[in-house]
Amino acid sequence: PYRRQRQMCIRDSNRTAAKLLEYEENEPVRLFVEDAEVSAALAGNETASVSHKFGEREYMLRFTKVEETRVLLMTDVTEAVSAARSKNEFIANVTHEMNTPLTSIRGYSELLSTGVLDAEQTQAAARTLVKQSDRLSNLIACIINYNEIDNDELPSYEVNVSRLAKETLDILAPDIAKRNIALTEDIDPDISVSSRHERLGEVLGNLIRNAIRYNKDDGSLYVGLKRRDEGGARLTVRDTGIGIAEENLERIFERFFTVDKSHNGKNGGFGLGLAVVKKICRKAGWPLRVESVLGEGTTFTVDFK
């Protein structure tokens, strides 16, 4: 840019920059005039960098002085900023999740060390210590498992996912009965998927456990595994639970995100289950979809190749 009649204009630019800046020849650029931070960087004599959003994308604007001209380099940093934000959120969430059991463990350990508790209180404190230690161990195991999925290069083999789905429902039957949830099981026999037992178990287990955890008492649960005419099979897990707000439909797959904070930690949940499911499905090439109506329920589908 250079000064012409006290207005800052563009001498030369590529098409991408011109489009972002909505540049019209011999006309002042609105961003240079209306954004105080950009205007200050443009008017200064030192190299300066300013972050700015164009639509949904985030850019770093770097202004460098060359003689009487300012050179502007605009770099799309959306992915880098998103990765940094995700990393910071992950660290903050891990710290929060670990702090809860650690605080409890420390508190009860200090109480035990004073010797003021009677026998019954000592037993209760010991049970709490074991419970919170298990929760901390499970959290660490979940984080390790999540991070290892991308580096998992073990060979796949044919897994009878029909049998695995029935086994998963048998294991979770007490939880279903406890909530008085009506289960509809619609599973075609002997459907095989090329994967590994533990990975398919995580997909089935996490989706069904979520459908129980976020369901309503006396609600219903549908678990279907059906062959598809075009090949492969479709897993459907549908509940009549609390549902998910539209603005959270993508966020539910983020690490440590829970749709109902009052459920956070209930039944051993950390908000990692759906993140694990998404990661496994993405790596295997299985389309994963979610549909939900707030207050009415949620449906997850996975298409196995």
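Atom CZ of Phe63 sits in a crowded spot, with more than 12 heavy atoms from other residues, nucleotides or ligands closer than 6.0 Å. Heavy atoms from other residues, nucleotides or ligands lying under 6.0 Å from CD of Glu110 number more than 12. Residue Arg62 qualifies as open at atom CZ: its count of foreign heavy atoms under 6.0 Å is 12 or below. With a 6.0 Å radius and a threshold of 12 heavy atoms from other residues, nucleotides or ligands, Glu79 has its CD atom above the threshold. Atom NZ of Lys19 sits in a sparse spot, with 12 or fewer heavy atoms from other residues, nucleotides or ligands closer than 6.0 Å. More than 12 heavy atoms of other shown residues, nucleotides or ligands fall within 6.0 angstrom of atom CZ in Arg57. Other residues, nucleotides and ligands contribute more than 12 heavy atoms inside 6.0 Å of the CD atom of Glu158. The number of heavy-atom neighbours closer than 6.0 Å to CD of Glu56, taken from other residues, nucleotides and ligands shown, is 12 or below.
No side-chain donor-acceptor contact under 3.5 Å links Asp239 and Asn215. Residues Arg213 and Asn210 bring a donor and an acceptor atom of their side chains to less than 3.5 Å of each other.
Leu169 places a side-chain heavy atom less than 4.5 Å from the side chain of Ile187. Arg196 has its side chain within reach of Leu154: a pair of non-hydrogen atoms, C-beta onward, lies under 4.5 Å apart. Proximity of Ser156 to Ser194: side-chain heavy atoms (C-beta onward) are separated by under 4.5 Å at one or more points. For the pair Leu235 and Thr301, the minimum side-chain heavy-atom distance is 4.5 Å or more. When side chains are defined from C-beta on, Leu207 counts as touching Val302, because their heavy atoms get closer than 4.5 Å. Between Val237 and Leu221 there is a side-chain heavy-atom pair separated by less than 4.5 Å. Taking the side chain as every heavy atom from C-beta outward, Leu61 and Ser51 never approach each other to under 4.5 Å. You'll find the side chain of Leu21 reaches within 4.5 Å of the side chain of Phe54, heavy atoms only.
Annotation for Leu136 and Pro101: closest pair CD1-CG, 4.0 Å, computed over non-hydrogen atoms. Nearest heavy-atom pair across Gly285 and Pro287 is O-CD, 3.4 Å. In terms of heavy-atom proximity, Glu198 sits nearest to Tyr157 at OE1-OH, 4.0 Å. The two atoms that bring Ser162 and Pro189 nearest to each other are OG-C, 3.7 Å, heavy atoms only. The nearest pair of heavy atoms linking Gly243 to Thr298 is CA-OG1, 3.6 Å. Taking every heavy atom of both residues into account, Thr128 and Tyr108 meet most closely at CG2-CE1, 3.5 Å.
Between the side chain of Asn138 and the main chain of Asp134, a donor-acceptor pair closer than 3.5 Å is present. When atom types are taken as modelled, the side chain of Asp35 and the backbone of Val38 share a donor-acceptor pair closer than 3.5 angstrom. Counting only distance, with no hydrogens or angles, the side chain of Ser39 and the backbone of Phe32 share a donor-acceptor pair below 3.5 Å. Under a 3.5 Å cut-off, the side chain of Arg228 and the backbone N or O of Ala233 do not form any donor-acceptor pair. Without hydrogens or angle criteria, Arg179 side chain to Ile212 main chain gives a donor-acceptor distance under 3.5 Å. A donor-acceptor pair under 3.5 Å is absent between the side-chain atoms of Asn206 and the main chain of Val277, judged by distance alone. Panel note: side chain Gln121, backbone Asp118; a donor-acceptor pair is recorded below 3.5 Å. No donor-acceptor pair under 3.5 Å is formed between the side chain of Ser104 and the backbone N or O of Thr100. With hydrogens and angles ignored, the 3.5 Å screen pairs no side-chain donor or acceptor of Asn99 with any backbone N or O of Thr95.
Note on Arg163 versus Glu167: no salt bridge recorded, every NZ/NE/NH1/NH2 to OD/OE distance being 4.0 Å or above. Salt bridge status for Asp303 with Arg289: present, with a side-chain N to carboxylate O gap under 4.0 Å. Under 4.0 Å is where a charged nitrogen must lie from a carboxylate oxygen, and between Glu296 and Lys216 no such pair does. A salt bridge is absent between Lys65 and Glu46: the closest approach of a Lys/Arg side-chain nitrogen to an acidic carboxylate oxygen does not fall below 4.0 angstrom.
How far CD1 of Ile105 is from NZ of Lys131: 12.5 Å, rounded to the nearest 0.5 Å.
Note: the hydrophobic cluster containing Phe300 also contains Ile176 (ILVMFWY, side chain heavy atoms under 4.5 Å, direct or indirect links). Cluster annotation: Val203 and Tyr222 are assigned to distinct hydrophobic clusters (Ile/Leu/Val/Met/Phe/Trp/Tyr, side-chain heavy-atom contacts under 4.5 Å, transitive). Leu31 and Met60 fall into different hydrophobic clusters, defined by Ile, Leu, Val, Met, Phe, Trp and Tyr side-chain heavy atoms under 4.5 Å apart, directly or through other members. Val290 and Leu274 end up in the same hydrophobic cluster when Ile, Leu, Val, Met, Phe, Trp and Tyr side chains are linked at under 4.5 Å. Under the 4.5 Å side-chain contact rule for hydrophobic residues, Val81 and Val50 do not share a cluster.
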Given the rule in the side-chain hydrogen bond (donor to acceptor under 3.5 Å, both in side chains) test, do Asn14 and Thr16 qualify, once you have shown the distances and angles that lead to the verdict?
CA-CA 6 Å; Asn14 61 22; Thr16 302; 4.7 Å; no

Report the C-alpha distance between Asp217 and Asn180 in whole Å, list the side-chain angles of each, state the deciding distance to 0.1 Å, and finish with yes or no for side-chain hydrogen bond (donor to acceptor under 3.5 Å, both in side chains).
CA-CA 6 Å; Asp217 291 340; Asn180 197 32; over 6 Å; no

Worked check of side-chain contact (heavy atoms from CB on, under 4.5 Å) between Leu72 and Met74
CA-CA 6 Å; Leu72 169 59; Met74 296 188 291; 3.9 Å; yes

